[in-house]
> 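Dropping the structure in here first, questions after.
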2 protein chains.
Amino acid sequence: MKTQLQNYLNRYASFSSEEIDRFYNYLTPRTFQKKEFLLKEGDICKNKFFIIDGLIRLFNIDNKGHENIIHFGIENWWTTSFESFITEKPSLLYMQALEKTTVLSINKENLEKAYQNIPKLERVFRITTENMLIAIERKNEFYTKMSSKERYDFFIKKLPSFAQRIPQYMIASYLDITPEYLSELRKG
Amino acid sequence: MKTQLQNYLNRYASFSSEEIDRFYNYLTPRTFQKKEFLLKEGDICKNKFFIIDGLIRLFNIDNKGHENIIHFGIENWWTTSFESFITEKPSLLYMQALEKTTVLSINKENLEKAYQNIPKLERVFRITTENMLIAIERKNEFYTKMSSKERYDFFIKKLPSFAQRIPQYMIASYLDITPEYLSELRKG
DNA sequence: CCTATTTCTTAAGATATCTTAATTTTTAAT
DNA sequence: ATTAAAAATTAAGATATCTTAAGAAATAGG
């Protein structure tokens, strides 16, 4: 795990093994079983999670009781409920493992200490947050430009192997389509 | 302008006047007239803009020729087409002043120098990027949870004075509603 | 294997929202 | 003030997508 983290961090700035060790001490490894929740609506999201391995989804439940998947997280992504983590208010989001998932988690206090201790981490998180924004910008982009059918085709074409890791009704949810309608789209 | 920037930066970390000066030297003040474009689709977005005063909109044009406003930017916000700025590929977005707008702009090269020169800036941009993410997270949130009518009412209620600065058809665009339908919603 | 659970499909009727196009109102420019 | 341009409204018909409900297929657990 430490090696994986090291490879990841060194993408963005160069860290000595000693620095990696220091950062690593702030992190707590945790494993979540399939279907287990990392976070539920109403909880205050106290951690950022670095996904070592596995798959998680971030979603909310609307007033009709429908789940809306906001994004998926896979290995080498940091994930959290940003708003809750930063404002320390109850989260509106759920975070759930879709496969057995191993993460390194860090709470706010330790993260702040780590920033003080290893300022280069500011850079890493500045960049990963930018990458997150780009991912969202792209999603919004293709949302506004495409019909349901087009979004689905695009998704399947772009991420064929990923699409096979998740049930179709979750793809539907992510693409903001009802599973029934997606089923029709696939037929026609 | 320098004072405004200083106040802004000191929200996130403490900077000496000397550091502010150093950063300020990397920045170029520019003024855009109402309706002038800061960026057009196809351009590579070479700058981040810190809005001193005024109002801009970021939007794309879909394959039906409709404008979709992604967000507005006002004083004390950094704005850019993230994807284009970071990847240095042509932007899919337009950026346009809706009022006479003064900005401080910085290009990638200078920003990178500034990061080297004043590492605390990594922190500032890490945090502003996080704030951006939160804003987007909130927008997506209220998008998935609300009908068109609800989105409009919510927007007007939350930002009554801001709503008066922009034409109704742009609010419609931002809320992903056709102007005609918004007009109906307002009536009923 | 067998059963239970989860996921996917079908189809009919409902509806929120869009399209088009014309008209009115408001705002800006000379 | 007058005209031109921009923005907002109206209304009718069209459609993409949802809802509900039921049944079929696939997958996973014991």
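Order of the sequence lines fixes the chain letters, A, B, ..., with proteins taken first and strands second; residue numbering starts at 1 for each chain. Keep in mind it's a predicted model, so treat the numbers as computed, not measured. Values below: all heavy atoms of this structure, side chains included; hydrogens, waters and symmetry mates excluded.
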> Who pairs with B:Phe59 by ring-ring contact (aromatic ring centres under 6.0 Å, His included), at least two apart in sequence or on another chain?
B:Tyr94

> Atom CG of B:Leu175 to atom C1' of C:dC18: distance rounded to whole Å?
16 Å

> Establish, with yes or no, whether the OP1 or OP2 oxygen of D:dA11 is under 4.0 angstrom from a side-chain nitrogen or oxygen of B:Lys187.
yes

> Would you say a side-chain N or O of B:Ser183 is under 4.0 Å from OP1 or OP2 of D:dA8?
no

> Whole angstroms only, please: what is the CG-C1' distance between B:Asp176 and D:dT17?
14 Å

> In whole angstroms, how far is the P atom of C:dA16 from the OH atom of B:Tyr152?
19 Å

> Looking at every strand, decide which applies to A:Lys34 at a 4.0 Å heavy-atom threshold: base, sugar-phosphate, or nothing.
nothing

> Can B:Glu41 and B:Asn60 be counted as having a side-chain donor-acceptor contact under 3.5 angstrom?
no

> Could you check which of D:dT20, C:dT17, D:dC18 has an atom nearest any side-chain atom of A:Glu180?
D:dT20

> In whole angstrom, what separates A:Leu182's CG from C:dT10's C1'?
14 Å

> Output the single nucleotide from D:dC18, C:dC18, D:dA8 whose closest atom is nearest the side chain of B:Pro167.
D:dA8

> Check whether any side-chain N or O of A:Arg186 sits under 4.0 Å from OP1 or OP2 of C:dT9, and answer yes or no.
yes

> Would you tell me whether A:Ser84 and A:Ser91 have side-chain atoms, one donor and one acceptor, within less than 3.5 Å of each other?
no

> Judged by modelled atom types alone, do A:Thr129 and B:Thr129 share a side-chain donor-acceptor pair under 3.5 Å?
no

> With side chain to side chain donor-acceptor pair (under 3.5 Å) as the test, pick out the partner of A:Tyr152 among A:Lys157, A:Gln168, A:Arg186.
A:Arg186

> At under 4.0 Å, does any side-chain N or O of A:Thr178 touch on OP1 or OP2 of D:dT17?
no

> Once you round it to whole Å, what is the distance between P of D:dT20 and OH of A:Tyr181?
18 Å

> Please state whether the phosphate of C:dT26, meaning OP1 or OP2, lies under 4.0 angstrom from any side-chain nitrogen or oxygen of B:Gln168.
no

> Rounded to the nearest Å, what distance is computed from the OH atom of residue B:Tyr174 to the P atom of nucleotide D:dA7?
20 Å

> Indicate whether OP1 or OP2 belonging to D:dA7 is found under 4.0 Å from a side-chain N or O atom of B:Tyr169.
yes

> Please report the distance, rounded to the nearest Å, between CG in B:Asn68 and P in C:dC18.
11 Å

> For the helix from C:dC1-D:dG30 to C:dT30-D:dA1, measure the angle between the helix axis at one end and the axis at the other, each built from five pairs, rounding to 10°.
60°

> Please confirm whether the shortest side-chain N or O distance from A:Lys149 to OP1 or OP2 of D:dA16 is below 4.0 Å.
no

> Quick check on the hydrophobic clustering: are B:Ile61 and B:Leu58 connected, directly or via other members, by side-chain heavy-atom contacts under 4.5 Å?
no

> Apply side-chain contact (heavy atoms from CB on, under 4.5 Å) to A:Arg123 and B:Glu122, showing your working.
CA-CA 5 Å; A:Arg123 181 176 179 82; B:Glu122 295 276 8; 2.7 Å; yes

> Whole angstroms only, please: what is the CD-C1' distance between B:Glu184 and D:dG13?
12 Å

> Which heavy atom of B:Arg126 sits nearest to which heavy atom of A:Phe125, and what is that distance?
CG-C, 3.6 Å

